[in-house]
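Okay, structure first, notes after.
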Amino acid sequence: MTAPQVGDSIGSSAYTPDALSLFLFGVAHWTAHRIHYDADLARAEGYPGLLVTAQLMSAWQLQLLSAWAGVAFEILSLTERNAGPAYSGDTLEVTGEVNAVEPSDGNGTRIVVALRVLKDGQPVVISEAVLRSAE
Amino acid sequence: VLCLDLRAEPDPSSDDEFPGEPTHSAIRARGGDAAFLATDVSAPAQVDAAADAAVSRWGRLDVWVNNAGIAAGGSLLDVEAGGEHGGVPAVRCRILHYRGRDPGGRWIDDMSEPNPNAGPQVDPAVYERIGQVTRRLVSDPVSLRGIREYLVGTGESAEGLPRGDEPAAISEVVAPPLYFLSACREVVGADQLAADGQHRDLGVDGVTGRSMMAGSKAEFLGELHVGDVLFAEERLASVTERSGRSGDLVFVETVTDYTNQLGNPVARYRMTVVFR
């Protein structure tokens, strides 16, 4: 990897979660919350469809980040703010770009990446990750 | 009091066409509050409608006596509820705290269940617990199976994982960064889940309402391997009450430290849950 610069894109990925993918994550994450698989209950709670599990979108962001960072950088943290709901059938885009490159406390480099999960261009999740060059 | 001990169709063999009405009139005459509703107590839909009417009028239902006319099973208070309303002519009694229905239409029949329609409720004692440990748990050992399920569940390929009979390769497997959260989810039966399927994973005791996650910060402090056991210790960091455009909101912030069986840190997870 060439040295990252502020403004660099870390790429993007797209997902269209459906009832099956929400079920598979529900099994892995052991969540029985009905709003993720019971469409009737989700509608009764006022949602138009099944809600996409927040931790699933967190995992997608880390996948994109890990693929970009490779072995050159280690991920120190991911801070997320949930900005809006996402539903089964929505097409969600995960994107990110380098926001800061600065010397780390040690010899390496500290990088801040701004991440977004977008639905029709509007943020569903707004995040920031901090990485450090691997020793 | 809601009086409804009456067949919707008057019983032709009875001289008393409306036996419930004098009861409710008598209660009112003595300064009480009572309503009368003609209901066939052997028809579940009518009984449900009567319960709805009572909750709508008085906010909740503390004692429920569904009496189809024939006492059976000893003392009224000893009769099991059984969850049935009709069919068998017998006394059915429930002493409960019905407070309405959850979004799925099921009765909320236990005072320990938060009322989803009540808005956020904060027990003032919760403020004294800020900084204190609010939960501890020990995970099951991390398994190759669990990691495989997580990779599949998050849309990644699990083909790179070793087979179960490759112990050397298994020892090299590192769990995905956020897997510590899934590994610490408590596996409980339906009887321990709320009507909406949730377990106690969001927030702390003493704050109730409809909850959703507002935000989080995960710090990744060490690798997690197959066979590792996680020790999670949650502390209450803050409770903030606010008034928003759509009503009152309560933000509960917790910080959970995850260490492995050697005492080495694996992660720290700060979570903010909003109750509305």
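The sequence lines fix the lettering, A, B, ..., with proteins before strands; numbering per chain opens at 1. This is a predicted model, so every value here is computed, not measured.
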Nearest 0.5 angstrom please: [X] [atom1] to [Y] [atom2], how far?
X         : Y        : atom1 : atom2 : answer
Thr154(B) : Phe25(A) : OG1   : CZ    : 7.5 Å
Tyr150(B) : Leu24(A) : OH    : CG    : 13.5 Å
Gln198(B) : His36(A) : CD    : NE2   : 7.5 Å

Contact origin within Ala218(B) toward chain A - heavy atom pairs under 4.5 Å: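 Contact with chain A is through both the backbone and side chain of Ala218(B).
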
Greater than 12 external heavy atoms within 6.0 Å of [X]'s [atom1]:
X         : atom1 : result
Arg268(B) : CZ    : no
Lys217(B) : NZ    : no
Glu102(A) : CD    : yes

Portion of [X] that has a non-hydrogen atom of chain B nearer than 4.5 angstrom:
X        : answer
Ser58(A) : both
Leu56(A) : side chain
Gln63(A) : side chain
Thr31(A) : both

Among the listed options Ile75(A), Ile35(A), Val130(A), the residue most often paired with chain B at heavy-atom distances under 4.5 Å: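 Of Ile75(A), Ile35(A), Val130(A), Ile75(A) has the most heavy-atom pairs under 4.5 Å with chain B.
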
Close side-chain approach of Asp196(B) and His33(A), heavy atoms under 4.5 Å: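 Yes, their side chains come closer than 4.5 Å.
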
Min side-chain heavy-atom separation Gln55(A)-Leu178(B) under 4.5 Å: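 No. Closest side-chain heavy atoms not under 4.5 Å.
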
Measure across [X] and [Y] and return the closest heavy-atom pair with its distance rounded to 0.1 Å.
X         : Y         : answer
Phe220(B) : Leu62(A)  : CZ-CD1, 3.9 Å
Trp30(A)  : Val188(B) : CH2-O, 3.0 Å
Ala28(A)  : Ser182(B) : O-CB, 3.8 Å

Polar side-chain atom of Arg185(B) near backbone of His29(A) as donor-acceptor pair, under 3.5 Å: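 Yes; judged by distance alone, with no hydrogens or angles, the pair exists.
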
Donor-acceptor pair, side chain of Arg270(B) and main chain of Thr79(A), under 3.5 angstrom: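 Side chain of Arg270(B) to backbone of Thr79(A): no pair is present.
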
Largest heavy-atom contact set with chain A, pairs under 4.5 Å, which of Gly155(B), Ser216(B), Ala267(B), Gly146(B):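 If we count pairs closer than 4.5 Å to chain A, Ser216(B) comes out on top.
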
